[in-house]
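A quick write-up on the structure given underneath.
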Amino acid sequence: VGVPTASADSITTNHAQRIVSAYKGTWTTPPTDSNFGNTTNAPLLGNGDIGAVLIGNIDSMTIALGKNEFFSVAEHQLKSMARMGIAVSGMTGASYLTEQKIANAQVDGTFGLSGNTINTTSWVQATDTTNNLFLTKFTYTGTGSKTATISLDAANQNTFTSTAGSSGDILYRDVRADNTDTVGGITTIKARVATRVIGTTGTITGGQLQFTLTPGSTYTLVTSIMSNKDSANYQAL
């Protein structure tokens with residue numbers, strides 16, 4: 001049986017794009033609530049399979065990551081998956097502006113301090129819900145260099161086994177939605193979050209990925225989020 005697809009005539013499509021383009025969400029202070037009992041008030045991203053919530057300023061940002069199938073069979077509930085940390089040195093107290101642009105499904109950030117500015121653009125690849133690429137592009141203007149430190153941690157409210165590791169310049173974390181591989185004969189969900197930087201050479205130090213930002217250059221943090229439901233080879237790097 002074929003899967004039905006939604007379609008619209010060109011007039012409807014063009015008007016929809018025009019209307020949606022007029023709207024965006026704007027934050028001038030960083031959201032801080034990271035334990036979500038209800039809908040968060042932070043910028044959101046996703047592609048229908050994974051979701052990301054951006055919390056905090058650029059010196060200590062947390063990106064909470066979730067996935068549709070990351071469900072605990074034993075607990076009968078969707079579980080938190082993982083958290084990515086982004087910390088840029090020398091930016092504590094920076095001004096904060098993020099814009100969630102609905103039409104092109106991205107979040108743009110501008111963070112400034114003492115004449116130094118970090119601009120970010122974050123989005124989730126919409127055309128591949130197997131490899132699930134979450135990307136953040138960094139552009140730095142100012143003087144001197146900045147160090148970006150990226151961490152991968154277990155999610156809040158998920159005490160199941162979580163292990164970190166690295167391979168070359170790739171940092172990864174393995175997480176699971178149950179403590180055992182099967183529950184009642186049902187295969188449980190496991191996932192890997194793996195990240196690296198494009199545009200410079202990253203280094204793994206103390207279980208964190210670090211790279212240097214220099215003025216006028218652009219860098220892209222590329223993160224893949226895959227589960228054993230996406231592929232039996234979800235841990236391949």
Side-chain angles (χ1 to χ4, degrees), residues 5-68 80-88 91-113 115-129 132-142 146 148 150 195 197-199 213 216-225:
T5 57
S7 61
D9 60 83
S10 59
I11 294 176
T12 301
T13 299
N14 290 337
H15 279 295
Q17 184 69 20
R18 175 184 58 80
I19 292 169
V20 171
S21 296
Y23 296 93
K24 62 184 179 181
T26 301
W27 288 258
T28 56
T29 57
T32 57
D33 183 8
S34 60
N35 292 305
F36 315 125
N38 298 298
T39 302
T40 177
N41 66 344
L44 301 171
L45 288 167
N47 65 354
D49 186 26
I50 64 169
V53 183
L54 283 62
I55 311 150
N57 211 333
I58 196 65
D59 66 309
S60 183
M61 181 175 288
T62 296
I63 300 174
L65 299 170
K67 203 170 192 300
N68 284 352
S80 304
M81 190 175 63
R83 298 161 70 82
M84 174 184 288
I86 298 176
V88 178
M91 295 298 289
T92 301
S95 61
Y96 177 95
L97 173 65
T98 55
E99 295 182 325
Q100 180 177 296
K101 297 181 176 178
I102 300 173
N104 49 7
Q106 70 185 43
V107 172
D108 294 342
T110 302
F111 315 95
L113 181 68
N116 298 317
T117 302
I118 307 288
N119 291 103
T120 62
T121 300
S122 299
W123 72 99
V124 178
Q125 185 180 18
T127 56
D128 183 352
T129 55
N132 280 315
L133 297 183
F134 170 59
L135 305 100
T136 296
K137 181 172 67 176
F138 298 80
T139 303
Y140 168 47
T141 56
K146 302 287 185 187
I150 312 301
T195 191
V197 64
I198 305 297
L213 304 172
S217 297
T218 298
Y219 314 88
T220 303
L221 187 67
V222 181
T223 304
S224 177
I225 303 161

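Sequence positions, counted from 1, serve as the residue numbers for this chain.
Put simply, CG on N116 and NZ on K146 are 4.5 Å apart, with the number rounded to the nearest 0.5 Å. Distance check: T92 OG1 to D59 CG gives 4.0 Å after rounding to the nearest 0.5 Å. Here L113 contributes atom CG and S95 contributes atom OG; the two are 7.5 Å apart, rounded to the nearest 0.5 Å. Note that the CD1 atom of I225 and the NZ atom of K67 stand 8.5 Å from one another [nearest 0.5 Å]. The CD1 atom of I150 lies 8.0 Å from the OG1 atom of T223; values are rounded to the nearest 0.5 Å. Here the OG1 atom belonging to T136 is positioned 7.0 Å from the CE atom belonging to M84, to the nearest 0.5 angstrom.
Looking at heavy atoms from C-beta onward, T218 lies in side-chain contact with K137 at the 4.5 angstrom threshold. Side-chain atoms of L133 and V222, non-hydrogen and from C-beta on, do get closer than 4.5 Å to each other. Put simply, the side chain of I86 reaches to within 4.5 Å of the side chain of F138, judged on heavy atoms. Annotation: side chain of T120 is in contact with side chain of F111 (closest heavy-atom distance under 4.5 Å). No side-chain heavy atom of D108 sits under 4.5 Å from any side-chain heavy atom of K24.
Nearest heavy-atom pair across A105 and W123 is O-CB, 3.8 Å. When all heavy atoms of V107 and L44 are compared, the closest pair comes out as CG2-O, 3.8 Å. The two residues T98 and G109 come nearest to each other via the heavy atoms CG2-CA, 4.1 Å. Of all the heavy atoms in A42 and V53, the pair that sits closest is CB-CG1, 3.6 Å. Looking at every heavy atom in both residues, P43 comes nearest to Y96 through CG-OH, 4.2 Å. Annotation for W27 and N41: closest pair NE1-O, 2.5 Å, computed over non-hydrogen atoms.
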Output, in order, the C-alpha distance, side-chain angles, deciding distance and verdict of side chain to side chain contact (heavy atoms under 4.5 Å, CB included) for T121 and N119. CA-CA 7 Å; T121 300; N119 291 103; over 6 Å; no
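Taking A126 as the reference, nothing meets the side-chain contact (heavy atoms from CB on, under 4.5 Å) condition, with sequence neighbours excluded. Residues passing the side-chain contact (heavy atoms from CB on, under 4.5 Å) test with T141 are T117, sequence neighbours excluded.
Although no hydrogens or angles enter the test, the distance criterion places a donor-acceptor pair under 3.5 Å between the side chain of N47 and the main chain of Q125. A donor-acceptor distance shorter than 3.5 angstrom exists from the side chain of N68 to the backbone of G48, with no hydrogens or angles considered.
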